[in-house]
Amino acid sequence: MNCPICGNKTSFLIGKKDRFNQSYDYVMCQNCRFLFDKELVADHEHLAKKVSVIYQKDYFETTDTGWKMRGDGFLKIIKVIASLYIFLTFKKKATILDYGGGNGYLASKLSQNFRVAYYDKFEKPSIEGKYLVVEKPIKADVVYAVELVEHITDIAEWDFLGNLQPDVFVFTTCLSDNISEKELPGWPYINPDGGHTAIYSRKSLYLLGRKYGYIYFFFPNITTHVFLKNKLLSRIDCVNIEYAIYNLLRKFKHANLF
C-alpha cells in the first residue's frame with residue numbers, strides 16, 4: 001500500500017483493537033513517516049463506521065478526559081492568533097470556524113469575543129454559547145481544530161482547505177518524529193479507542209500544506225501547528241529550516257560558544 005500523502009511505500013507497524021473489539025492495522029510510510037490505519041486508503045467508509053461507534057455519550061468522561069484542560073490552554077492561543085489576524089488584516093472582525101468542535105466548550109468560550117461557527121461530523125454540542133451550529137463546514141477567515149486531524153477517516157477530508165480556503169488554519173496534534181521506530185508500536189498515541197487513525201510527522205504536514213497552498217509552521221513549545229495561506233511560499237519547508245537552525249544553535253551551545 002502506498003502512502004496517500006507522498007505516494008511512497010508503507011510497511012506494517014502494529015495491529016490493535018478498540019474496546020468494541022474492532023480491528024485496526026496501522027502502517028507507516030517509509031518516506032514521510034505518516035502513520036495510519038490502512039483502511040484510511042483501502043476502505044475509508046468502513047473506517048468511518050468503525051470510528052463512529054467509538055464516540056459514545058461517555059466519550060468525554062471515559063476516553064477523552066483531558067478535553068477541558070486542553071481546551072483552556074488552546075483558548076489562549078487561538079485568541080492571540082485571531083486578534084493578530086484582525087490587527088494585521090485591518091479587519092473589524094474575524095469569522096472563525098471550530099472544525100470538529102466536540103462538546104462545544106471552546107466555541108462557547110471563544111464566541112464571547114469573536115464570531116464563531118461550530119461544526120462536528122460526529123458530535124452535537126452539549127455546552128451552549130453564542131456560536132452558530134452548522135451542519136456543513138462554512139467559509140471563515142480562521143479555522144481551528146483541536147486534536148482533530150488524527151481522527152480523520154479519509155485523507156480527502158483535508159480537501160476542506162481547498163474548499164473553504166481560510167487564511168489561517170490552526171490545529172493541534174502529536175507528531176511521530178521524536179518516537180523511534182522501535183518505540184512506535186507501544187506509543188500511547190496510537191490509540192483506536194481515542195479514534196486516532198492518522199498520525200503525522202513534520203514532513204507529512206509540510207507536504208499537505210504545500211498541496212493546498214499553505215505555509216506550514218510548527219510551535220513545539222505550545223504544541224500548535226499553523227497553516228498560512230500563501231501558494232507562492234508554500235514550497236518552502238519552514239519547519240525543516242527552523243529545526244536545522246535549532247540543531248545548529250544547540251551544537252554551538254554544547255561547544256560552549258555561547
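When a residue number appears, it is its place in the shown sequence, counting from 1.
- Residues Ile81 and Val168 form a side-chain contact, since some pair of their non-hydrogen atoms from C-beta on lies under 4.5 Å apart.
- For Ile199 against Trp187, the heavy-atom pair with the smallest separation is CG2-CZ3, 3.6 Å.
- Both Leu233 and Val226 are part of a single hydrophobic cluster, where members link through side-chain heavy atoms under 4.5 Å apart.
- Closest approach of Ile96 and Ala82 over heavy atoms only: CD1-CB, 3.8 Å.
- Looking only at side-chain heavy atoms (C-beta outward), Val51 and His151 stay at 4.5 Å or farther from each other.
- Annotation: the span from Ser204 atom OG to Leu35 atom CG amounts to 10.0 Å, rounded to 0.5 Å.
- Taken together through direct or relayed side-chain contacts under 4.5 Å among Ile, Leu, Val, Met, Phe, Trp and Tyr, Leu88 and Ile215 form parts of separate hydrophobic clusters.
- Between Asp25 and Lys38, at least one side-chain N (NZ, or NE/NH1/NH2) sits under 4.0 Å from a carboxylate O, which counts as a salt bridge.
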Audit row: Glu181, Gln30, side chain to side chain contact (heavy atoms under 4.5 Å, CB included) steps and yes/no: CA-CA 10 Å; Glu181 196 160 344; Gln30 297 303 304; 4.2 Å; yes
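- Judged by distance alone, the side chain of Lys16 and the main-chain N or O of Ile190 form a donor-acceptor pair under 3.5 Å.
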Walk me through whether Ser11 and Val27 qualify under side chain to side chain contact (heavy atoms under 4.5 Å, CB included). CA-CA 5 Å; Ser11 59; Val27 299; over 6 Å; no
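- Side-chain atoms of Thr223 never come within 3.5 Å of backbone atoms of Pro220 as a donor-acceptor pair (strictly under, hydrogens ignored).
- Of the residues Tyr99, Tyr200, Phe34, Tyr212, the one that meets the ring pair (Phe, Tyr, Trp, His ring centres under 6.0 Å) test with Trp158 is Tyr200.
- Judged by distance alone, the side chain of Tyr206 and the main-chain N or O of Arg235 form a donor-acceptor pair under 3.5 Å.
- Ring geometry for Phe160 versus Phe169: interplanar angle over 60°, hence perpendicular rather than tilted (30 to 60°).
- With respect to Lys91 and Asp141, a salt bridge is recorded, a charged nitrogen being found less than 4.0 Å from a carboxylate O.
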Test side-chain hydrogen bond (donor to acceptor under 3.5 Å, both in side chains) on Asp98 and Tyr131 and set out the steps. CA-CA 10 Å; Asp98 185 334; Tyr131 56 88; over 6 Å; no
Yes or no on salt bridge (Lys or Arg N to Asp or Glu O under 4.0 Å) for Asp18 and Lys50, after CA distance, side-chain angles and deciding distance? CA-CA 9 Å; Asp18 62 24; Lys50 285 197 304 185; over 6 Å; no
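- Residues Tyr214 and Ser234 approach most closely at O-CB, 3.4 Å, considering heavy atoms.
- Atom-to-atom distance recorded for Lys203:NZ and Arg33:CZ is 12.0 Å, nearest 0.5 angstrom.
- Thr197 places a side-chain N or O within 3.5 Å of a backbone atom of Ile152 that can act as its donor or acceptor partner.
- Ring geometry, Tyr216 versus Phe171: the interplanar angle falls under 30°, so the pair is classed parallel (tilted spans 30 to 60°).
- Thr173 places no side-chain N or O within 3.5 Å of a backbone atom of Val149 that could act as its donor or acceptor partner.
- Using a cut-off of 4.0 Å between Lys/Arg side-chain N and Asp/Glu carboxylate O, Lys68 and Asp72 are scored as salt-bridged.
- The CG atom of Leu40 sits 8.0 Å away from atom CD of Glu157, with the distance rounded to the nearest 0.5 Å.
- Between atom CG of residue Asn31 and atom CG of residue Asn2 there is a gap of 11.0 Å, rounded to the nearest 0.5 Å.
- Side-chain atoms of Ser83 do not come within 3.5 Å of backbone N or O of Val80 as any donor-acceptor pair.
- In terms of modelled atom types and a separation under 3.5 Å, the side chain of Arg19 and the main chain of Pro192 share no donor-acceptor contact.
- The shortest heavy-atom contact between Ala117 and Ile138 is CB-CD1, 3.6 Å.
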Test side chain to side chain contact (heavy atoms under 4.5 Å, CB included) on His225 and Leu175; report intermediate values, then the result. CA-CA 10 Å; His225 310 267; Leu175 301 181; 3.7 Å; yes
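- No side-chain donor from either of Lys139 and Gln165 sits under 3.5 Å from a side-chain acceptor of the other.
- The minimum heavy-atom distance between Gly71 and Leu106, with the atom names listed, is O-CD2, 3.5 Å.
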Side chain to side chain contact (heavy atoms under 4.5 Å, CB included) between Glu150 and Phe36: does it pass, once the steps are laid out? CA-CA 9 Å; Glu150 66 272 14; Phe36 59 99; over 6 Å; no
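- Asp177 contributes atom CG, which lies 5.0 Å from atom OG of Ser201 (distance to the nearest 0.5 angstrom).
- Proximity of Lys130 to Leu110: side-chain heavy atoms (C-beta onward) are nowhere separated by under 4.5 Å.
- A cation-pi contact, defined as under 6.0 Å to the ring centre and within 45° of the axis, is absent between Lys17 and Tyr24.
- When all heavy atoms of Leu161 and Pro166 are compared, the closest pair comes out as O-CD, 3.9 Å.
- Formation of a donor-acceptor pair under 3.5 Å by the His44 side chain with backbone atoms of Ala156 is not found in this model.
- For the pair Leu184/Met28, a side-chain contact is recorded, criterion being any heavy-atom separation below 4.5 Å from C-beta on.
- Looking at Lys109 and Glu128, no side-chain N of the basic residue comes within less than 4.0 Å of a carboxylate O on the acidic one, giving no salt bridge.
- Atom NZ of Lys136 sits about 11.5 Å away from atom CG of Asn163, to the nearest 0.5 Å.
- Between Val41 and Ile155 the shortest side-chain heavy-atom distance does not fall below 4.5 Å.
- Inter-residue side-chain proximity for Thr224 and Phe217 is flagged as unmet; no heavy-atom pair is nearer than 4.5 Å.
- Cluster annotation: Ile86 is not connected to Leu84 through the hydrophobic network of ILVMFWY side chains, with a link wherever side-chain heavy atoms come within less than 4.5 Å.
- Panel note: side chain His196, backbone Tyr189; a donor-acceptor pair is recorded below 3.5 Å.
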